[in-house]
Trainee: 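First the structure, then my questions, so here it is.
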Amino acid sequence: MDAQLDDKTLEDSLAESLADLAPDAKTVSEDEFIEVVGGALEAVGGTLLFKMCVQNEGESQHVAAACVGDGGNRQFLLLTLPTGGGALKVETASRSTNPVAGIAAAYAGLMDAFQAAA
């Protein structure tokens, strides 16, 4: 991905690639979530930063933060899936209202610092 995509275009392209990846199970395990996220990120050349399970607005959900691109073209994504099943939601961290979104860029910056120091 040479040129930086605008947030909406990136979200739309990921949503299209997810149509066949959503798990059918009523309850989504962490392994199933990682499988779906891995497929979505592979489709756009993204890298998983971290994953966690959180309570958001009274709903338990799997959350993963990822990045696409590098350097000045790096964009951060948030992928969420209710543990009770449903559709995987993908949004750019800059457009997300999820509290975890703010952690993505900070985490990536920390990993950059660790790599530079190694």
Side-chain angles (χ1 to χ4, degrees):
M1 182 184 312
D2 293 330
Q4 185 173 14
L5 297 175
D6 68 68
D7 291 351
K8 185 70 175 130
T9 303
L10 182 57
E11 290 172 8
D12 290 346
S13 65
L14 276 166
E16 289 173 16
S17 68
L18 293 173
D20 297 326
L21 294 173
D24 295 327
K26 294 288 185 210
T27 301
V28 180
S29 71
E30 183 175 355
D31 288 342
E32 290 169 319
F33 176 63
I34 291 305
E35 184 177 328
V36 172
V37 166
L41 294 177
E42 186 177 314
V44 296
T47 303
L48 178 68
L49 297 173
F50 63 85
K51 62 177 174 44
M52 62 179 65
C53 192
V54 299
Q55 289 286 324
N56 187 21
E57 298 178 3
E59 177 182 64
S60 182
Q61 60 184 202
H62 296 288
V63 180
C67 64
V68 177
D70 54 20
N73 289 330
R74 184 161 59 176
Q75 291 175 280
F76 299 101
L77 304 172
L78 202 65
L79 302 92
T80 57
L81 182 66
T83 57
L88 180 68
K89 180 179 181 182
V90 180
E91 55 193 344
T92 55
S94 62
R95 289 170 43 111
S96 178
T97 59
N98 190 304
V100 177
I103 301 172
Y107 182 88
L110 183 61
M111 292 301 100
D112 291 345
F114 283 151
Q115 286 179 345

Trainee: Hydrophobic clustering (ILVMFWY, side-chain heavy atoms < 4.5 Å, transitive) - are Val100 and Leu49 grouped together?
Mentor: yes
Trainee: Please examine the side chains of Val28 and His62, heavy atoms only from C-beta on, and report whether any two atoms are closer than 4.5 Å.
Mentor: yes
Trainee: Go through Lys51 and Val37 one step at a time and tell me if the side-chain contact (heavy atoms from CB on, under 4.5 Å) criterion holds.
Mentor: CA-CA 10 Å; Lys51 62 177 174 44; Val37 166; over 6 Å; no
Trainee: Is it true that Val63 and Leu48 fall in one hydrophobic cluster, defined by side-chain heavy atoms closer than 4.5 Å?
Mentor: no
Trainee: Kindly indicate, with the supporting measurements, whether the criterion side-chain contact (heavy atoms from CB on, under 4.5 Å) is fulfilled by Leu41 and Leu77.
Mentor: CA-CA 10 Å; Leu41 294 177; Leu77 304 172; 4.3 Å; yes
Trainee: Do Phe114 and Phe76 belong to the same hydrophobic cluster, where Ile, Leu, Val, Met, Phe, Trp and Tyr are linked whenever their side-chain heavy atoms lie under 4.5 Å apart, directly or via other members?
Mentor: yes
Trainee: Would you say Thr83 and Phe33 make side-chain contact, with heavy atoms under 4.5 Å?
Mentor: no
Trainee: Above 12 or not: heavy atoms from other molecules or residues under 6.0 Å from CD of Glu42?
Mentor: no
Trainee: For Ser60 and Cys53, work out which heavy atoms get closest and say how close.
Mentor: OG-SG, 3.8 Å
Trainee: Shared ILVMFWY cluster between Leu78 and Val90, side chains joined below 4.5 angstrom?
Mentor: no
Trainee: Going only through I, L, V, M, F, W and Y residues with side-chain contacts under 4.5 Å, is there a path from Leu110 to Met52?
Mentor: yes
Trainee: Between atom SG of Cys67 and atom CG of Asn73, what is the distance when rounded to the nearest 0.5 Å?
Mentor: 12.0 Å
Trainee: Out of curiosity, Gln61 CD to Thr80 OG1, how far, rounded to the nearest 0.5 Å?
Mentor: 5.0 Å
Trainee: By side chain to side chain donor-acceptor pair (under 3.5 Å), which residues pair with Ser29, not counting sequence neighbours?
Mentor: Glu32
Trainee: Do Ser96 and Glu91 have side-chain N/O donor and acceptor atoms under 3.5 Å apart?
Mentor: yes
Trainee: Among pairs that include at least one residue of residues 107-118, which meet side-chain hydrogen bond (donor to acceptor under 3.5 Å, both in side chains), considering only residues two or more places apart or in two chains?
Mentor: Arg74-Asp112
